[in-house]
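Below is one structure, written out as structure tokens, with a few remarks after it.
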Amino acid sequence: QVQLVESGGGLVQAGGSLRLSCAASGRTFTWNAMGWFRQAPAPGKEREFVAAIRWNAGTTFYADSVKGRFTISSDNAKGTASLQMNSLKPEDTAVYFCAAGRWPIAFITSNYASTPDNYDSWGQGTQVTVSS
């Protein structure tokens, strides 16, 4: 089991930046990918993919809505991953979750990376609020 703890959320004005971090502990050797998802407060909103990174290869995936604004990175030695969020918009307001998974060695598509079922461990989430 891998335990994940997010940090770095908060309140920021539109156009501002935040950096989220995810620290992993436990059986981290069992996973090789990390992703960020978010869930907006509106009723019925599902968890939405934001970004993912494949550990050793450094391959990254992004949702179209955040491309060019968000950057995911990882520190394998420390077992951490970060999400740098720039040019934030009010529609980025959500609870952000990090997740870890063990993906197959074969080629991974963006569809695979964006599917919540392909992640095994989840953090509790951190709130990001962007004011207009």
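Note that this is a predicted model, so its numbers are computed, not measured. Each residue takes its place number in the sequence, starting with 1.
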Which pair of non-hydrogen atoms, one from [X] and one from [Y], has the smallest distance, and what is that distance?
X	Y	answer
Ser132	Ala14	CA-CB, 4.3 Å
Ser114	Pro116	O-CD, 3.4 Å
Ser87	Ser17	N-OG, 4.3 Å
Thr71	Tyr62	CA-OH, 3.3 Å

Side-chain donor/acceptor of [X] to backbone N/O of [Y], under 3.5 Å:
X	Y	value
Arg54	Phe61	no
Trp103	Asn32	no
Tyr112	Phe107	no
Gln127	Gly9	no
Glu6	Gly125	yes
Asp120	Arg102	yes
Thr80	Ala23	no

Practice task
Please identify each residue that fulfils ring-ring contact (aromatic ring centres under 6.0 Å, His included) with Phe37, with sequence neighbours left out.
Solution key: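 In terms of ring-ring contact (aromatic ring centres under 6.0 Å, His included), with neighbours along the sequence ignored, Phe37 is linked to Phe49, Tyr119, Trp122.
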Nearest-0.5 Å distance that lies between atom [atom1] in [X] and atom [atom2] in [Y]:
X	Y	atom1	atom2	result
Ile108	Thr59	CD1	OG1	9.5 Å
Thr93	Arg38	OG1	CZ	9.0 Å
Leu4	Cys22	CG	SG	4.5 Å

If you apply the rule side chain to side chain contact (heavy atoms under 4.5 Å, CB included), what do you find for Leu20 with Phe97, and how did you get there? CA-CA 10 Å; Leu20 305 183; Phe97 300 87; over 6 Å; no
Check: Can we say Asp92 and Lys89 salt-bridge, meaning some charged N sits less than 4.0 Å from an Asp/Glu carboxylate O?
Finding: no
Quiz item: Under the side chain to side chain contact (heavy atoms under 4.5 Å, CB included) criterion, do Arg19 and Ser82 qualify, and how do the steps go?
Solution: CA-CA 7 Å; Arg19 185 177 182 87; Ser82 298; 3.5 Å; yes
Exercise for the section: Check whether more than 12 heavy atoms from other residues, nucleotides or ligands sit under 6.0 Å from atom CD of Gln124, and answer yes or no. Expected result: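 It does not: Gln124 CD has 12 such atoms or fewer within range.
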Next item on the list: Answer yes or no: is there a side-chain heavy-atom contact under 4.5 Å between Ser74 and Met34?
Entry: no
Are Glu48 and Ser65 packed together at the side-chain level, in the sense that at least one heavy-atom pair is separated by less than 4.5 angstrom?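 Answer yes - side chains close enough.
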